[in-house]
Amino acid sequence: MIFPKCILFAIMSQEIRVRFAPSPTGYLHVGGARTALFNWLFAKHHGGKFILRIEDTDRQRSTEAAIKAIFQGMEWLGMEWDEGPKIGGAYGPYFQTERLATYKEYIEKLLTTGKAYYCFCTPEELDQQRKEAAERKEAPRYNGKCRKLTDQEIETLLKSGKPYVIRFRLPQEGTTVIHDLVKGDVSFENELLDDFVIMKSDGFPTYNFAAVVDDSLMKITHVIRGEDHISNTPRQILLYEALGLPMPQFGHIPMILGTDRSRLSKRHGATSVIEYRDLGYLPEAMVNYLARLGWSHGDQEIFSREQLIELFSLDRVAKTGAIFDTEKLKWLNSLYIRQSLPERIYDLAMPFLEKAFETYNKLDKEKTGIEYIMKVIQILQDRLVLIADISYLAQYFFDDHIEYDPQAKEKYFTNPKAKEYLERIKAELEKLSGFTKPEIEAAFKGLAKEMGIKLGEIIHPTRLALTGRSESPGIYDVVEILGKEKVTARLQAALETM
RNA sequence: GGCCCUAUGGUCUAAUGGCUAGGACGCGACCCUCUCAAGGUCGAGUUACGGGUUCGAUCCCCGUUAGGGCUACCA
């Protein structure tokens, strides 16, 4: 009884530490964002720490702009990190290029114990080897030429200034098995792996080496990453063992796919989370969608951030790749828009409206007060799928030039009675002392009753006259918001075309 | 080619060795209704294929097929 309790305590006292470790070679794409999200949720769920580490060892492809874009994406989705760039932490620095001395130290360790060696083969030689292996239909592996270099030879080669890399002397027998938290046990034969490079000729470590050293030194307990890394994992496990460093647990989550089931990429459309922001998606919709893509909790579809934290667990993560479905994302987005405070939608919609104003350049900005815009937004909020939709849906509230939809015009303005209806409703509305929804509604209903016709007979042509369209929010609302002056003018303008 | 992973409607998924395989998105119809949305009701549509194991397989095993990933001095 006592013994298991001790173990339990030891396990519980270990703080959960996970990391998201993007390489800054582009924007934060949705696949990366989901990996980050799963890590973030895992950390929050366990009351642990979420660490951001920038893997910028590829000097050719890493950019400052990409680093900023990643921060921006993380911030938009509300995934703040507990340790990492900007805020630091006890296990920094959090940029790999600032950790070179550490890597050298561990490379040195491997070198002195004979677990790594210098390799002077040129890229051309290696290319040649790969080609030959391909012709023989063999796995392209490093042939181990420099494995057996003597100290003497190395000394001379080093002195001659010949470029070199450091390779890991990988055990050539045995099996390496990953106890994966998502996939279960996955095993690899070591003999199929080769002596991979751990330090490049520019002195920078390779991904597999740097990740191992950092994850271990940063006390990462769980490495949760994309499935595309699973075949790197045996190499990394072997490195942990060679370095004598403590090993985290692994969980490999499935890929996000495009509509053709290949890995999601640019040709499938928007892939950067920031693009989705700019299209008018809400971060909570994106978080909800991403969380639910490859993870589930029974039948539940809608999750608040708090619920996700409470419910998230790796054993509910699916094993299959999932197609990114914009339609479902849109559905969630419209849902979250409807649940938002109008004030928030106002803030989000304003940039779109301003841009649209520029385009139309027909706006009477003087008369367009915040109050008016707020009313427009309140009436339109429930019909937005994307915030960007506001530009189109709100157009006739800001643009006095009404173009009549040809089909609607055919349907509603060619009716011989339509002209009479419009004249009558115009007169009724003009008579109104106030111009509020109840009065407007009464005017419409009164007129319909008086003329013995259906309400729609008046409403449809009126809608077309005021908006140019056959669909809009409730007509009384539209009339009220537009105000007597515009309504009268637009009705008059319509009458003149008939 | 080699290695690894995966396989439930179009899509995301639930279920479990055992009632008519559940939900959601999308789609269709109807209701509501001044239109369009929203909402409500209903509907069409699925366990990749072939073998086993079993009284019974979506579920367990094998094979086939299909898809994905990796196969760099990228990460």
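Sequence lines set the chain letters: A, B, ... in the order given, protein chains first and strands last, and positions in each chain run from 1.
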Tell me the interatomic distance from A:Glu227, atom CD, to B:C70, atom P, rounded to whole angstroms.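 The distance from CD of A:Glu227 to P of B:C70 comes to 10 Å, rounded to the nearest Å.
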
Under 4.0 Å between any heavy atoms, over every strand shown, what does A:Pro163 touch: base, sugar-phosphate, or nothing? Just pick one. nothing

Classify A:Phe188 by what it touches in the nucleic acid, base, sugar-phosphate, or nothing, heavy-atom distance under 4.0 Å. sugar-phosphate

Ignoring hydrogens and angles, answer whether the base of B:A75 and the side-chain atoms of A:Asn232 contain a donor-acceptor pair closer than 3.5 Å. yes

Euclidean distance, atom CG of residue A:Leu380 to atom C1' of B:U35 [Å, nearest integer]: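 Taking CG of A:Leu380 and C1' of B:U35, I get 14 Å after rounding.
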
Is the phosphate of B:A14 approached by A:Ser296 (side-chain N or O, under 4.0 Å from OP1 or OP2)? yes

OP1, OP2 of B:C12 versus side-chain N and O of A:Arg316: anything below 4.0 Å? no

Carboxylate-amine/guanidinium proximity below 4.0 Å for A:Asp195 and A:Arg169: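 Judged by the 4.0 Å cut-off on N to carboxylate O distance, A:Asp195 and A:Arg169 do not form a salt bridge.
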
Measure from the side-chain heavy atoms of A:Trp331 and tell me the nearest of B:C34, B:C12, B:G26. B:G26

Under 4.0 Å between any heavy atoms, over every strand shown, what does A:Thr462 touch: base, sugar-phosphate, or nothing? Just pick one.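 Nothing, no nucleic acid heavy atom in range.
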
Quick check for you: among B:C4, B:C73, B:C70, whose closest atom lies nearest to any side-chain atom of A:Ile230? B:C4

With rounding to whole Å, what would you report as the distance between B:A38 and B:C32 at their C1' atoms? 11 Å

If you only use heavy atoms from C-beta on, which nucleotide in B:A24, B:A75, B:C73 is closest to the side chain of A:Pro123?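 Of all the options, the side chain of A:Pro123 is nearest to B:C73.
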
Among the nucleotides B:C34, B:A24, B:C73, whichever has the atom closest to the side chain of A:Glu301 is B:A24

Hey, does A:Val186 reach any base, or is it just sugar-phosphate, or nothing, if we go heavy atoms under 4.0 Å?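 Result for A:Val186 = sugar-phosphate.
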
Contact class for A:Glu55 vs. all strands (heavy atom < 4.0 Å): base, sugar-phosphate, or nothing? sugar-phosphate

Atom-to-atom span, CG of A:Asp299 to P of B:A15 - whole angstrom: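 That distance rounds to 9 Å.
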
For A:Gly226, answer base if it contacts any base atom (sugar-phosphate contacts may also be present), sugar-phosphate if it contacts only those atoms, and nothing otherwise; contact means non-hydrogen atoms under 4.0 Å. nothing

When the C1' atoms of B:U16 and B:G56 are considered, how many whole Å apart are they?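 B:U16 and B:G56 have their C1' atoms separated by 13 Å.
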
Using Watson-Crick or G-U wobble geometry with both distances under 3.5 Å, which nucleotide pairs with B:C60?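 B:G52 is the nucleotide pairing with B:C60.
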
Using atom OH of A:Tyr27 as one end and atom P of B:A75 as the other, report the distance to the nearest whole Å. 21 Å

A:Asp260: side-chain contact (heavy atoms from CB on, under 4.5 Å) partners, not counting sequence neighbours: A:Ser262, A:Arg267, A:His268

Under the criterion side-chain contact (heavy atoms from CB on, under 4.5 Å), I'd like the reasoning laid out for A:Leu447 against A:Tyr421: C-alpha separation, chi angles, the key distance, then a yes or no. CA-CA 9 Å; A:Leu447 181 60; A:Tyr421 298 154; 6.0 Å; no

Same-atom distance (C1') from B:G2 to B:A21, integer angstrom: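 Going atom to atom, C1' in each nucleotide, I get 38 Å.
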
If you restrict it to nitrogen or oxygen atoms, what contacts under 3.5 Å exist between nucleotides 7-9 of chain B and the protein, and what is each distance?
none

Side-chain N or O of A:Arg469 versus OP1/OP2 of B:C34: is the shortest distance under 4.0 Å? no

Is the distance from OP1 or OP2 of B:A75 to the nearest side-chain N or O of A:Lys200 less than 4.0 Å? yes

Atom pair distance, as rounded to whole Å: NE2 in A:His460 and P in B:C34: 9 Å

Results of side-chain contact (heavy atoms from CB on, under 4.5 Å) for A:Ala349 - residues two or more places apart only: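 Here the qualifying residues are A:Ile377, A:Ile387, A:Ile390.
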
Does B:C74 have OP1 or OP2 under 4.0 Å away from a side-chain N or O of A:Arg59?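 Indeed not, no polar side-chain atom of A:Arg59 lies that close.
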
At 4.0 Å (heavy atoms only), tell me whether A:Arg263 reaches a base, stays on the sugar-phosphate, or touches nothing.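 Counting heavy atoms under 4.0 Å across all strands, the contact made by A:Arg263 is with sugar-phosphate only.
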
Tell me whether the OP1 or OP2 atom of B:C25 has a side-chain N or O from A:Arg292 closer than 4.0 Å.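 No, outside the criterion.
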
For atom P, what is the distance between B:G23 and B:U33, given to the nearest Å? 28 Å

When the P atoms of B:G67 and B:G51 are considered, how many whole Å apart are they? 23 Å

Contact check, side chains of A:Phe324 and A:Leu293, non-hydrogen atoms, under 4.5 Å: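 They are in contact (side-chain heavy atoms under 4.5 Å apart), so the answer is yes.
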
Please determine, for B:G26, whether a Watson-Crick or G-U wobble partner exists with both distances under 3.5 Å, and give it or none.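 Here B:G26 is not engaged in any pair, so there is no nucleotide opposite it.
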
When rounded to the nearest Å, what value does the distance between C1' atoms of B:C27 and B:G45 take? 10 Å

Contact class for A:Ile475 vs. all strands (heavy atom < 4.0 Å): base, sugar-phosphate, or nothing? base

Would you say that more than 12 heavy atoms from the other residues, nucleotides or ligands in this model lie under 6.0 Å from the CZ of A:Phe413, or not?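 Yes, enclosed.
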
In whole angstroms, how far is the C1' atom of B:G69 from the CG atom of A:Asp180? 14 Å

With nearest nucleotides of RNA chain B determined for A:Leu455 and A:Ala318 from heavy-atom distances, which residue corresponds to the more 5′ nucleotide? A:Ala318

Base B:C70 to side chain A:Ser231, donor-acceptor N/O within 3.5 Å cut-off: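 Answer is no: no donor-acceptor pair is held.
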
Please work out if A:Thr57 contacts a base, only the sugar-phosphate, or nothing of the nucleic acid, heavy-atom cut-off 4.0 Å. sugar-phosphate

Could you tell me whether A:His252 contacts a base, only the sugar-phosphate backbone, or nothing, with contacts defined as non-hydrogen atoms closer than 4.0 Å?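 The residue A:His252 makes no contact with any strand.
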
Please determine if A:Arg19 and A:Asp214 form a salt bridge, counting it only when a charged side-chain N lies under 4.0 Å from a carboxylate O. no

Watson-Crick or G-U wobble mate for B:C19, both contacts under 3.5 Å: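 Because no pair has both required distances under 3.5 Å, B:C19 counts as unpaired.
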
Rounded to whole angstrom units, what separation is found between the CD atom of A:Glu457 and the P atom of B:U35?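 Whole-Å distance recorded here is 12 Å.
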
Using a strict 4.0 Å threshold on nitrogen-to-oxygen distance, state whether A:Arg463 and A:Glu471 make a salt bridge.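 Looking at A:Arg463 and A:Glu471, the cut-off is not met.
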
Separation between the P atoms of B:G22 and B:A44, rounded to whole Å: 11 Å

If you only use heavy atoms from C-beta on, which nucleotide in B:G26, B:C74, B:C5 is closest to the side chain of A:Glu327? B:G26

Got a second to check how far A:Met255's CE is from A:Arg34's CZ, nearest 0.5 Å? 7.5 Å

What integer number of Å spans the P atoms of B:G50 and B:G26?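 About 34 Å, rounded to a whole number of Å.
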
At under 4.0 Å between heavy atoms, what does A:Asn208 touch on the DNA or RNA strands: base, sugar-phosphate, or nothing?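 Nothing: the residue A:Asn208, judged by heavy atoms under 4.0 Å, touches no strand.
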
Other residues, nucleotides, ligands: >12 heavy atoms within 6.0 Å of A:Lys454 NZ: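 Atom NZ in A:Lys454 is not crowded, with 12 or fewer foreign heavy atoms closer than 6.0 Å.
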
Go through B:G68, B:G23, B:C34 for me and flag the one nearest to the A:Ile459 side chain.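 Out of B:G68, B:G23, B:C34, the nucleotide with an atom closest to A:Ile459's side chain is B:C34.
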
In whole angstroms, the gap separating P of B:U71 from CD of A:Gln129 amounts to 17 Å

Electrostatic pair A:Lys375:A:Glu480 at N-O distance under 4.0 angstrom: no

Find the partner of B:A75: check Watson-Crick (N1-N3 plus N6-O4 or O6-N4) and G-U wobble (N1-O2, O6-N3) distances, both under 3.5 Å, and reply none if neither fits.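 Paired with B:A75, as far as the under-3.5 Å criterion goes, is no nucleotide at all.
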
Axial cation check for A:Tyr142 ring with A:Arg167, 6.0 Å and 45° limits: yes

Given B:U35, B:G68, B:C74, the nucleotide with the shortest approach to the side chain of A:Asp58: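 Within the option list, the nearest is B:C74.
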
Sugar-phosphate only, base, or nothing, as touched by A:Ser472 at under 4.0 Å among non-hydrogen atoms: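 Answer is base: heavy atoms of A:Ser472 come under 4.0 Å of a base.
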
